[in-house]
Protein chains: 4
Amino acid sequence: MADPPDRATGPTRDRIVTAAVETIKTHGLAGASARAIAKTGGFNQALIYYYFPSLTGLYLAALEHTSAARMNAYLARMTDIRSLDDLVRVGGELFDEDVAAGHITVLAELVSSALAQPEIGARITELMEPWVRLTQDTMDRFVRGTFVEPIIQTGAIAQGLVAFYLGIEMLYHLDRDRSRTDALFAMFKALAPIASPFLAASPQPGGENDD
Amino acid sequence: MADPPDRATGPTRDRIVTAAVETIKTHGLAGASARAIAKTGGFNQALIYYYFPSLTGLYLAALEHTSAARMNAYLARMTDIRSLDDLVRVGGELFDEDVAAGHITVLAELVSSALAQPEIGARITELMEPWVRLTQDTMDRFVRGTFVEPIIQTGAIAQGLVAFYLGIEMLYHLDRDRSRTDALFAMFKALAPIASPFLAASPQPGGENDD
Amino acid sequence: MADPPDRATGPTRDRIVTAAVETIKTHGLAGASARAIAKTGGFNQALIYYYFPSLTGLYLAALEHTSAARMNAYLARMTDIRSLDDLVRVGGELFDEDVAAGHITVLAELVSSALAQPEIGARITELMEPWVRLTQDTMDRFVRGTFVEPIIQTGAIAQGLVAFYLGIEMLYHLDRDRSRTDALFAMFKALAPIASPFLAASPQPGGENDD
Amino acid sequence: MADPPDRATGPTRDRIVTAAVETIKTHGLAGASARAIAKTGGFNQALIYYYFPSLTGLYLAALEHTSAARMNAYLARMTDIRSLDDLVRVGGELFDEDVAAGHITVLAELVSSALAQPEIGARITELMEPWVRLTQDTMDRFVRGTFVEPIIQTGAIAQGLVAFYLGIEMLYHLDRDRSRTDALFAMFKALAPIASPFLAASPQPGGENDD
DNA sequence: CATGAATGAGCATTCATTCAT
DNA sequence: TATGAATGAATGCTCATTCAT
């Protein structure tokens, strides 16, 4: 308590965070005890408390880690998207990567645990905001200037899409059955050419420029 | 003869299940220890094991309980729905009730825990199937006979809607902020009159008649 | 507490005792919980307390039961023994039956438990006395009148033989290896003709006549 | 790396083992709960699981401990034995020490518990083997070269003597009555001069040299 | 005569966390 | 910087026993 843990950087810290992500992904949050994480990473369990104030702190750091890593991947691919067709295709690829990276697993487990620990709920909400923003921005690029713009609220829809994304991943883990997700992506793909006329022919490139 | 518990009925069993639902709703699955549930219900913790083979058994019973209770409520209201407008309105009301009853909370917590305990995943999937079915049936009533029928796959969409529903509830618990949900329902409400022309003018009453 | 349990007789009592013997034999004393015994016998566990003041009371009754049953078998075969050869042969047969009946298992388990519950030690000692007596009497029949009579103390040896018997059975259960016991009995068989000349040519029939 | 306990050495480990021996000796295996052992040793019960994988592991370690300690004592005294008279005298002294050290108590309790937990039976058999070997070796030293050598099987007899030893100790704990044992040792003492002529006049010194 | 229901106490084990080194 | 040692509190679960019926 004398020394202030929660060191911001360092290779050992990364090692711990990586081990935490891996353990949460494999054994769930309930199975991600200090012992389990230390075993995964091959270090002493007391080391966790040298870098983080508590296990919860590490859990949040794990979410920050995967979130940042995935966000980079998303941003890198966003420039590829020039049509609704691209959007569906790239979206499917990114989803597959998300699942493989364990990002949404970590997210879902933490969101789930926030019920019992409301104090971390706010922080998780913060960490999700960039994703909602990115989703909304992407939608705006397709919607701006079209006749649907005044009808729909991209902000609300973005929230809903993130929720949907979270839910889909949770259901996937129930029985590891990809057919659910596959059917949905297939339908999106089929709908894309139909919806295209109503949307922007060539979506404008966009970042996080407007608020 | 009284050895393998999991008694099917009885007032005490109900008391335990109710206490379990209440505890999961309030403290999450991680906080729903045998002791915590017993405290909520005002009975001895050993009593749980007289009625259920394990805590996991009780958790599943809790989900079965809320699921059955909510399904009854849903079926009772289904006949009220005669237009897309009705659907949005009744849907919103039912969602509010779901949240209040804690049904989706119990569901979300159990789905989340299935990551670490794959053996219960299959059972949860079973318990979710009636909901997917109900969702799909309801959609079919609006879609059947319209020109959108060949374009969309109500089965896949139903899965997606259930996932969306699950995700929305999880996000709601993050910060207890209803604005997210409200904005979405408001938009649905606004979209209803626009979408109506494309769908069945008067949806056919339907149960679980077709497979 | 109002009614005095420990009923002396009755078919139901026998059923309980038999179930107790069976359970101790199979699962050991530590595994012979009220539940386990009731399951073996197919009755309600509370029934035990209608016939016995406590589980310990039932355990002792179980020992009394097997002890009496085996004593009858021993006495019935004693008249067959007319030579040292007979003794070894019949002794081997009776040992096999003892093991099969679980008598020595129950005895060994109870003796073992007496360490922690000294209050039952005295009762067990009492229950073992007839066996020591029988052993001594049998020895006396062979020794009386011979020149070895003043040299050995059949009382002490009888105690030792019973201890040996107990120990052998315990070791047998370690690995279920009969070879140990077989080798010993084989050697006894080989020694019998050698020892015979030193003992009574025709052992006198004897009961529990002398003190 | 510190995860699978069962640390091989260390003073704390010794403390735990000693406390376990003491507790088993006093309260029996059934009374040697983690809490009871911790109380005996004055340490936290969780410490047990830092050094041993389970209570069973500790029980076996306790047996290994007493067995090794007693074996050292036995070997140290073996050189004193030059006659049958010595054997009886030293044997009696060692038996007294065995009882005091609790070695045979621990052994008997563990052997008894192997009925319900067959998986530890094999290990216990292993731990008993040196004792059987020592007994046989000692007998061989007296028998070798004498006319009784071809008649008796020292291997089988050694097994029987160990069994006898075990049984005697168990009976002793029934009523803490030493007279049984005393009478037997007294008789052995009386028989020694009689048996001596038939055995080796001066037993050969021997270790575990021959197989 | 027998049972189902119920309980308080105890069990083995694991937890997050601390601390001296 | 990192670790081994240690602990108090909690975990899921089983126990012998009681009691109303």
Side-chain angles (χ1 to χ4, degrees), chain A residues 1-3 5 7 10-13 15-16 30-38 43-56 58, chain B residues 1-3 5 7 10-13 16 30-38 43-58, chain C residues 1-3 5 7 10-13 15-16 30-38 43-56 58, chain D residues 1-3 5 7 10-13 16 30-38 43-58:
Chain A
M1 220 159 264
D3 46 354
R7 272 139 187 68
T12 305
R13 198 193 119 107
R15 228 175 116 208
I16 297 173
S33 67
R35 269 173 183 74
I37 293 170
F43 48 80
N44 190 281
Q45 51 167 331
L47 193 59
I48 291 171
Y49 296 90
Y50 188 75
Y51 283 87
F52 300 94
S54 69
L55 264 196
T56 302
L58 172 54
Chain B
M1 218 157 265
D3 266 85
R7 276 149 187 66
T12 305
R13 196 194 123 106
I16 297 172
S33 68
R35 279 164 179 80
I37 294 170
F43 47 80
N44 191 282
Q45 55 162 329
L47 196 58
I48 290 172
Y49 299 92
Y50 188 75
Y51 283 86
F52 298 94
S54 70
L55 265 198
T56 301
L58 172 55
Chain C
M1 221 161 264
D3 47 354
R7 273 140 187 65
T12 304
R13 198 194 119 105
R15 229 176 115 209
I16 297 172
S33 66
R35 269 173 183 74
I37 293 170
F43 47 81
N44 190 280
Q45 52 166 332
L47 194 58
I48 291 171
Y49 297 89
Y50 188 75
Y51 283 87
F52 300 94
S54 70
L55 263 197
T56 303
L58 171 54
Chain D
M1 221 157 263
D3 265 85
R7 274 146 188 68
T12 305
R13 195 194 124 107
I16 297 173
S33 67
R35 278 165 179 80
I37 294 170
F43 47 80
N44 190 282
Q45 53 164 330
L47 195 58
I48 291 172
Y49 298 92
Y50 189 75
Y51 283 87
F52 299 94
S54 69
L55 265 198
T56 301
L58 172 54

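Just so you know, these numbers use all the heavy atoms, side chains as well, and skip hydrogens, waters and symmetry mates. Letters go in sequence order (proteins before strands), and every chain restarts at 1. Since the structure is predicted, the reported quantities are computational estimates derived from the model, not experimental observations.
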Closest non-hydrogen atom pair, C:Ala36 against C:Gly31
CB-O, 3.3 Å
Verify the contact: side-chain N or O of A:Asn44 to OP1 or OP2 of F:dG4, cut-off strictly under 4.0 Å; return yes or no.
yes
Under 3.5 Å donor-acceptor pair, D:Tyr50 side-chain atoms to F:dA5 base atoms:
yes
First locate atom CD1 of B:Ile48, then atom CG of B:Leu55, and finally report the distance between them rounded to the nearest 0.5 Å.
5.5 Å
Could you say whether D:Ser54 or A:Ala32 is positioned toward the 5' end of DNA chain E, judged by the nucleotide with the nearest heavy atom to each?
D:Ser54
Taking side chain to side chain contact (heavy atoms under 4.5 Å, CB included) as the definition, give me every residue that meets it alongside D:Ala38, ordered by chain and number, with sequence neighbours left out.
D:Phe43, D:Gln45
Can you measure A:Leu55 atom CG to E:dT18 atom P for me and round it to whole angstrom units?
11 Å
Using a 4.0 Å heavy-atom cut-off across all strands, classify C:Leu47 as base, sugar-phosphate, or nothing.
base
Return the 5'-most residue of the pair C:Gly31, A:Arg15 with respect to DNA chain F, ranking by each residue's nearest nucleotide.
A:Arg15
Measure from CD1 on C:Ile48 to P on E:dC1 and round the result to the nearest Å.
17 Å
Which nucleotide in E:dT17, E:dG4, F:dG12 has an atom nearest any side-chain atom of A:Ala34:
E:dT17
Measure from CD1 on C:Ile37 to P on F:dT17 and round the result to the nearest Å.
11 Å
Can you measure from OG1 (C:Thr12) to OH (C:Tyr51) and round to the nearest 0.5 angstrom?
3.5 Å
When C:Ala46 and D:Ala46 are each assigned the nearest nucleotide of DNA chain E, the 5'-most assignment goes to C:Ala46
Mind checking the CD1-CG spacing from C:Ile16 to C:Leu58? Nearest 0.5 Å is all I need.
7.0 Å
Here the distance between atom C1' of E:dA6 and atom CZ of B:Arg13, to the nearest Å, is 17 Å
From the options F:dT14, E:dA2, E:dT13, select the nucleotide whose nearest atom is closest to the side chain of C:Thr12.
E:dA2
Side chain of A:Tyr49 only, heavy atoms from C-beta on: which candidate in F:dT17, E:dA16, F:dG12 is closest?
E:dA16
Over how many whole Å does the gap from C:Phe52 atom CZ to F:dT17 atom C1' extend?
16 Å
In whole angstrom, give the distance that lies between atom OH of D:Tyr51 and atom P of E:dT13.
18 Å
Regarding E:dG10, can its base be found pairing with the side chain of D:Arg35 as donor and acceptor, where the two atoms are less than 3.5 Å apart?
no
Please give me the minimum heavy-atom distance between A:Ala34 and A:Tyr49, naming the atom from each residue.
CB-OH, 4.2 Å
With pairs defined as Watson-Crick or G-U wobble and both distances under 3.5 angstrom, please note down DNA chain E as a dot-bracket string, | for pairing with another strand.
.||||||||||||||||||||
Kindly point out which of F:dC13, F:dT17, F:dA2 is positioned nearest to the side chain of C:Gln45?
F:dT17
